[in-house]
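Positions are given from 1 along the sequence.
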Amino acid sequence: MRSSQNSLLRRIGPFALALAVCPGVIAQQASPQIAQNTGASDPAAADAPQTSDGSKVDQSAYRTVPGSATKRVGVNMTQTRSLSLSNAIELALQNNNDIEVTRNDVKIAEATLRSLLGFYDPMLTVNPNYTNTVQPQPSTLGGADLSGVTRSNEFRVNSSIFKPLKAGGGSFNVFFNSVRNETSSTFSQLNPTYSTNFGVTFTQPLLKDLSIDNSRRQIRIQRKVIAQSDADFRRRTIEIISQVQRAYWDLVFALRDQQNRQANLELTRENLRQVEARIEAGAAAPLTRAEVSTELANRESDLLLATQQVSIAENSLKQLILRESGSNLWSESFVPTDSPVFSDDPISLDNVVADAIANRPELQRLKLQSEINNIDIDFFKNQIRPQVDLNFNYTMIGLSGTGTGATEPFTVPLISGDPTTNSSAFLLNELRNLNPDIVVPNITVQPSVPPRFLGGYGQSLQNLFKNDTRSYSVGVTFSFPLGNKTAKANLAAARYQQDRIAAQTRSQEQTVIAEVRNAVQAVETARERVLTARRARENAEIQLAGERKLYEVGRSTTFLLFQRENALTNARNAEIRAETDYNKALADLQRATSTTFRANNITIDSPTDDDGN
């Protein structure tokens with residue numbers, strides 16, 4: 001019996017020793033599977049060994065994790081998509097909804113600025129108006145006819161272009177007015193008349209509102225708000241990229257862990273086959289089978305949990321890089337192609353702190369908020385001043401119409417008319433009765449309206465642009481606020497806000513420095529963990545190889561062998577966990593120093609340059 005046992009050990013020993021001495025073989029084969037789907041084989045129950053009496057041995061002990069256990073809900077394991085870290089970041093930049101929200105915030109801020117700049121757009125106004133008037137007159141001196149009223153029809157078109165000025169806060173208004181008036185008044189010597197006016201009005205503040213007014217204040221503030229929105233966009237984008245990096249390395253770890261659990265499960269299956277062979281040969285007691293079957297069940301459970309973690313990690317990554325909830329990519333299996341990087345290069349704390357102070361969007365936002373506050377202070381200082389405005393107006397006047405009397409000179413006697421109604425004619429008649437030789441001289445009567453005013457609308461325009469008839473005025477308007485409590489209170493509040501922002505900036509700088517120091521410490525700790533985990537894994541491999549040799553010669557137990565195998569699996573997981581944690585710590589350091597864009601070759605253009613207007 002002893003010789004048969006030794007013969008059996010010699011037959012199975014080399015294979016078992018190969019598994020023990022070369023535990024990296026499975027891991028080396030598994031490593032490329034980071035770019036493949038992991039699955040568990042399910043050996044047929046018919047392959048289970050039989051006892052000497054021909055009955056099958058404990059078939060349930062051979063039933064490994066069913067195929068569905070390593071599959072994931074809602075994921076088609078035959079549809080795989082290789083994914084590098086740079087591809088994941090690119091997808092997040094294109095599809096992440098949180099990034100889209102902050103990107104739209106920048107666009108909204110830009111639209112608001114364009115709306116405020118619209119205040120300086122020229123305003124064209126055209127006002128046509130028709131008026132019909134019937135006016136009663138108390139006497140004929142009002143120009144009324146025998147009906148006792150005067151009638152008029154007026155058609156007026158007033159047009160103007162108003163333009164506020166950015167520089168200086170002034171404004172000008174260019175206007176052109178045309179009027180056609182037809183009247184029944186007996187005193188009107190032009191009927192109809194055509195009146196035209198063309199001129200400009202200019203207003204310029206000399207103290208208050210000269211350097212800054214509320215419109216320019218709002219525009220300057222909005223430019224800063226756009227820059228703040230851009231800083232918020234950069235901050236949120238950095239956070240999303242950092243989350244993508246962490247999720248990516250979590251998925252790498254989860255897949256490696258699943259592979260290690262799968263490899264450990266395969267070792268247990270092989271141990272079970274060896275135990276069955278030894279029981280068959282009478283070299284081991286049947287109770288050994290239960291011990292191995294228990295360990296097999298435990299490792300199957302570990303594989304189930306590892307598969308669940310793969311699903312969790314993959315879903316977290318998909319949530320960050322997919323746009324639509326109904327995307328087909330949700331049903332695909334993502335396969336990371338990047339391996340964790342490692343570097344022994346030390347990190348300069350002073351350099352990374354300087355990067356953080358120069359790049360952190362939170363500090364840039366507070367700086368912009370301080371600049372907004374300075375704009376408010378300048379505005380409220382200006383509002384305390386008295387209002388002194390220069391006013392200027394220049395108007396050219398044109399007139400024309402159809403004459404109601406003679407349009408050419410004519411000759412009439414100096415005295416004429418009916419003696420019964422005209423006193424001068426009566427006196428002349430009496431004088432002629434005394435002296436019939438009296439001769440009344442003739443006089444030449446000129447037209448009552450100058451010829452240049454006779455004509456239609458075109459004549460009125462000619463008269464207008466000759467600039468012979470015009471008016472202009474220059475004046476100054478003074479307004480002195482009494483007390484001016486509102487402006488003074490607003491200025492005091494703005495100065496208090498300045499102190500508040502300064503305190504917030506100091507507090508934020510301390511927060512940034514603390515985050516950077518913690519991030520550097522996390523990187524250094526993760527680096528040391530990688531080195532120690534590597535040593536632990538190497539020692540675990542040596543221990544398993546030694547334990548396997550002792551087991552082969554009967555100087556160890558299955559329990560101790562399983563402990564060594566589990567210790568090696570845990571050491572491998574600890575190593576990959578340390579490596580992925582190191583890469584996650586690097587991502588956190590990039591986020592803390594806001595060097596994520598530079599480290600990943602990402603360029604983001606600023607939306608609007610601040611020209612200070």
Side-chain angles (χ1 to χ4, degrees), residues 105-125 160-175 200-233 364-393 474-502 505 605-613:
D105 288 342
V106 177
K107 295 178 181 179
I108 291 172
E110 290 177 323
T112 302
L113 175 62
R114 291 193 295 271
S115 174
L116 292 173
L117 289 173
F119 175 80
Y120 293 101
D121 291 342
M123 177 64 70
L124 173 63
T125 302
S160 64
I161 296 179
F162 176 78
K163 177 71 169 68
L165 301 175
K166 286 184 182 180
S171 64
F172 67 85
N173 184 48
V174 179
F175 58 89
V200 60
T201 300
F202 177 71
T203 302
Q204 174 61 54
L206 300 179
L207 288 177
K208 182 180 179 181
D209 295 337
L210 174 61
S211 60
I212 186 173
D213 55 24
N214 190 53
S215 295
R216 283 177 285 174
R217 170 202 177 204
Q218 293 298 330
I219 290 174
R220 293 178 186 179
I221 289 176
Q222 188 60 32
R223 291 185 185 278
K224 303 298 181 182
V225 170
I226 290 177
Q228 286 184 323
S229 299
D230 181 57
D232 292 340
F233 169 72
Q364 294 176 2
R365 198 180 207 289
L366 285 171
K367 180 182 178 182
L368 291 167
Q369 190 63 42
S370 178
E371 294 174 0
I372 291 175
N373 182 252
N374 290 335
I375 294 173
D376 285 339
I377 290 176
D378 291 341
F379 173 72
F380 293 128
K381 279 184 179 179
N382 182 268
Q383 294 303 296
I384 293 178
R385 298 177 177 180
Q387 185 82 43
V388 181
D389 293 343
L390 173 66
N391 303 308
F392 173 78
N393 176 271
V474 179
V476 179
T477 302
F478 296 90
S479 299
F480 298 94
L482 301 179
N484 205 5
K485 294 180 180 178
T486 300
K488 292 179 179 178
N490 289 335
L491 177 59
R495 285 173 172 164
Y496 295 146
Q497 181 70 11
Q498 187 178 41
D499 296 338
R500 180 173 180 268
I501 294 174
T505 302
D605 296 330
S606 297
T608 302
D609 292 332
D610 185 0
D611 60 7
N613 292 327

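With sequence neighbours excluded, no residue satisfies side-chain hydrogen bond (donor to acceptor under 3.5 Å, both in side chains) with Asp378. Arg365 meets the salt bridge (charged side-chain N to carboxylate O under 4.0 Å, His left out) test with Asp232; sequence neighbours excluded. Applying the side-chain hydrogen bond (donor to acceptor under 3.5 Å, both in side chains) criterion to Asn391, with sequence neighbours excluded, gives Thr477. With sequence neighbours left out, Leu206 forms a side-chain contact (heavy atoms from CB on, under 4.5 Å) with Gln204, Val388, Leu390. Qualifying side-chain hydrogen bond (donor to acceptor under 3.5 Å, both in side chains) partners for Thr203, counting only residues two or more places apart in sequence or in other chains: none. Checked against salt bridge (charged side-chain N to carboxylate O under 4.0 Å, His left out), Asp105 has no partners two or more places apart in sequence or in another chain. Applying the side-chain hydrogen bond (donor to acceptor under 3.5 Å, both in side chains) criterion to Gln497, with sequence neighbours excluded, gives no partner residue. With sequence neighbours excluded, the residues satisfying side-chain contact (heavy atoms from CB on, under 4.5 Å) with Leu366 are Gln504, Thr505, Gln508.
Atom CG of residue Leu113 and atom CD of residue Gln218 lie 11.5 Å apart, to the nearest 0.5 angstrom. Atom CD1 of Ile375 sits about 9.0 Å away from atom CZ of Arg217, to the nearest 0.5 Å. Interatomic distance, CD1 of Ile372 versus CZ of Arg223, reported as 13.0 Å (0.5 Å rounding). Between the CZ atom of Phe380 and the CD1 atom of Ile212 there is a distance of 9.5 Å, given to the nearest 0.5 Å. If you take CG on Leu368 and CD1 on Ile226, they are separated by 11.5 Å, rounding to the nearest 0.5 Å. Distance CD/Glu371 to NZ/Lys367: 6.0 Å, rounded to 0.5 Å.
Contact record, Pro164 with Ser171: CA-CB, 4.0 Å, taken as the closest heavy-atom pair. Of all heavy-atom pairs spanning Arg220 and Ser211, the tightest one is NH2-O, 3.7 Å. Here the closest heavy-atom approach between residue Val106 and residue Phe233 is recorded as CG2-CB, 4.0 Å. Of all heavy-atom pairs spanning Leu207 and Pro386, the tightest one is CB-O, 3.5 Å.
Judged by distance alone, with hydrogens and angles left aside, the side-chain atoms of Asn373 form a donor-acceptor pair with the main-chain N or O of Ala494 at under 3.5 Å. For Gln498 (side chain) and Ser370 (main-chain N/O), no donor-acceptor pair under 3.5 Å exists by modelled atom type.
Within the structure, salt bridge (Lys or Arg N to Asp or Glu O under 4.0 Å) contacts touching residues 200-213 (residues at least two apart or in different chains) are Asp213-Arg216.
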Name each donor-acceptor pair under 3.5 Å that joins a side chain in residues 115-122 to protein atoms two or more places apart or in another chain, with its distance.
none

N/O donor to acceptor pairs below 3.5 angstrom from side-chain atoms of residues 484-492, sequence neighbours left out:
unit_1, atom_1, unit_2, atom_2, d
Asn484, ND2, Gln383, O, 3.3
Asn484, ND2, Ile384, O, 3.3
Asn490, ND2, Thr486, O, 3.2

- Message: Let's go through Phe162 and Thr125 carefully: what are the C-alpha distance in whole Å and the side-chain angles of both, what is the deciding distance for side-chain contact (heavy atoms from CB on, under 4.5 Å) to 0.1 Å, and is it a yes or a no?
- Response: CA-CA 8 Å; Phe162 176 78; Thr125 302; over 6 Å; no
